[in-house]
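Quick notes on the structure that follows.
Numbering starts at 1 and runs along the sequence shown.
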Amino acid sequence: RSSSEPRQRPEYVRKMSVLDINAPYIPITVGSNVCFPPSGTTPIIFIFGGPGSGKGRIVANLRSMFGMKLISAENIVLKYLPKKVQHFITLSTANDIAELVKREPSHVPLDWVLRLIQHIIMADPHHVYIVDLIPNLKWLVRNTSLVKECAAELAAFEEKTPASFAIHLSLTEDSLNKTLDYSHKVVCVPQGATVADEADSTRTKRRFQLHEGAIQPFLTYFSSLGRLVTMDVSSGASEPIWDCIHKFFIDQSLPAQVLVDSVVVFAMGGQDGGVL
């Protein structure tokens, strides 16, 4: 078989961890058709991850290490919607955009956003693109013209710009709750004091539930094609999670543009415990 053809593999589950014996294992499930495209085809990777998944840090690392270019659907809406409607309304602020979209959700259809993403990629195809399709803004996530059953729109997108695969940074609500309970626990609250951290925790949980509902049609689309990578990030252990993602992309023969030096530290016990 030609070396330029994409590699196929059976679906499998593997676990990885860093050298620390106390580090959690990070399960990753890779679909049977997950692979980087042959030379000359633009790699396009969709990424899905809600509050608490560490998606922002992971995307930043991917951009830094592998030179990936990020396309954010949220940023596209904020940038291009004012131009789209400029002939009959002026949108000067993000609040103006939000109010219009809340009144008339049809101004932000999924196929329009995907066409803009496609134009960006086709205008500069010599990069690896990572596409963050689900917005963080609540009024956009709730937009039923944008977040909806997506099979037809994604299939049309892939006619000219086929997606390589999608990554789902999977997090259970129970794991999110444990993390929030630990990080926002209030030991002693003076009488009459407000508990801002608890309010933040509640908002995060609601955002998580909203996001989980929004991504399901997109996960179903990629999973049905065998092009979904699911990584369990419930442990919240950022370094082992990044180690797992980094190794996955190295396994795909994607060259790193930034050399990462690993340092192994040995701590000595005894009377001088902690002295290196």
Side-chain angles (χ1 to χ4, degrees), residues 6-17 24-37 41-74 114 117 121 127-136 141 147 150 154 157-158 161-172 175-176 208 211-256:
R7 293 174 294 166
Q8 303 292 319
R9 62 174 65 116
E11 186 154 343
Y12 67 97
V13 178
R14 69 178 175 219
K15 293 184 177 181
M16 304 176 183
S17 70
Y25 286 97
I26 310 299
I28 174 171
T29 305
V30 181
S32 58
N33 293 319
V34 169
C35 61
F36 264 70
T41 303
T42 302
I44 303 169
I45 303 157
F46 285 77
I47 190 164
F48 302 97
S53 67
K55 181 181 67 176
R57 179 177 183 270
I58 289 168
V59 168
N61 286 349
L62 289 173
R63 295 177 69 187
S64 175
M65 176 162 286
F66 297 105
M68 295 184 184
K69 284 204 167 186
L70 172 66
I71 300 179
S72 163
E74 181 176 299
L114 286 172
I117 292 173
I121 294 171
H127 296 280
V128 177
Y129 284 93
I130 189 160
V131 179
D132 187 2
L133 193 56
I134 304 299
N136 293 316
V141 180
V147 179
C150 58
L154 283 173
F157 171 86
E158 291 204 87
T161 46
S164 304
F165 52 87
I167 296 176
H168 177 210
L169 303 173
S170 175
L171 177 69
T172 65
S175 297
L176 176 68
F208 174 84
H211 183 275
E212 285 300 292
I215 65 175
Q216 293 310 311
F218 301 91
L219 299 183
T220 298
Y221 175 84
F222 285 104
S223 179
S224 68
L225 298 171
R227 287 191 272 137
L228 182 64
V229 178
T230 302
M231 180 172 298
D232 186 347
V233 298
S234 296
S235 69
S238 57
E239 291 305 324
I241 289 168
W242 169 245
D243 178 71
C244 185
I245 292 175
H246 167 252
K247 187 176 188 307
F248 166 75
F249 279 100
I250 293 296
D251 287 348
Q252 304 300 311
S253 301
L254 184 66

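In plain terms, the two heavy atoms of S235 and I241 that are nearest each other are OG-CD1, 4.1 Å. Residues P51 and H211 approach most closely at CD-CB, 4.2 Å, considering heavy atoms. Here the closest non-hydrogen pair linking P43 and S164 is CA-OG, 3.5 Å. When all heavy atoms are compared, the tightest approach of S53 to V233 is O-CG2, 3.9 Å.
In summary, of the residues considered (D243, V34, L254), a side-chain contact (heavy atoms from CB on, under 4.5 Å) with F248 occurs for V34 alone. Exactly one of L133, I130, L228 qualifies for a side-chain contact (heavy atoms from CB on, under 4.5 Å) with F46. That residue is L133.
Interatomic distance, M231 CE to L169 CG, rounded to the nearest 0.5 Å: 7.0 Å. Here the straight-line distance linking atom OG1 of T161 with atom CG of L154 works out to 10.0 Å at 0.5 Å rounding.
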Distance-only criterion, 3.5 Å: show the donor-acceptor pairs between side-chain atoms of residues 215-223 and protein atoms not counting sequence neighbours.
| from | atom 1 | to | atom 2 | distance (Å) |
| --- | --- | --- | --- | --- |
| Q216 | NE2 | E212 | O | 3.0 |
| T220 | OG1 | Q216 | O | 2.9 |
| Y221 | OH | E158 | OE2 | 2.4 |

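Under the side-chain contact (heavy atoms from CB on, under 4.5 Å) criterion, T42 pairs with I44, I121, P125, Y129, not counting sequence neighbours.
Under the salt bridge (charged side-chain N to carboxylate O under 4.0 Å, His left out) criterion, the residue pairs touching residues 43-57 are K55-D132, R57-E239, with sequence neighbours excluded.
Ring pair F165/F249 is tilted by interplanar angle, where 30° to 60° counts as tilted.
Between D251 and K247 a salt bridge is recorded (basic side-chain N to carboxylate O distance below 4.0 Å).
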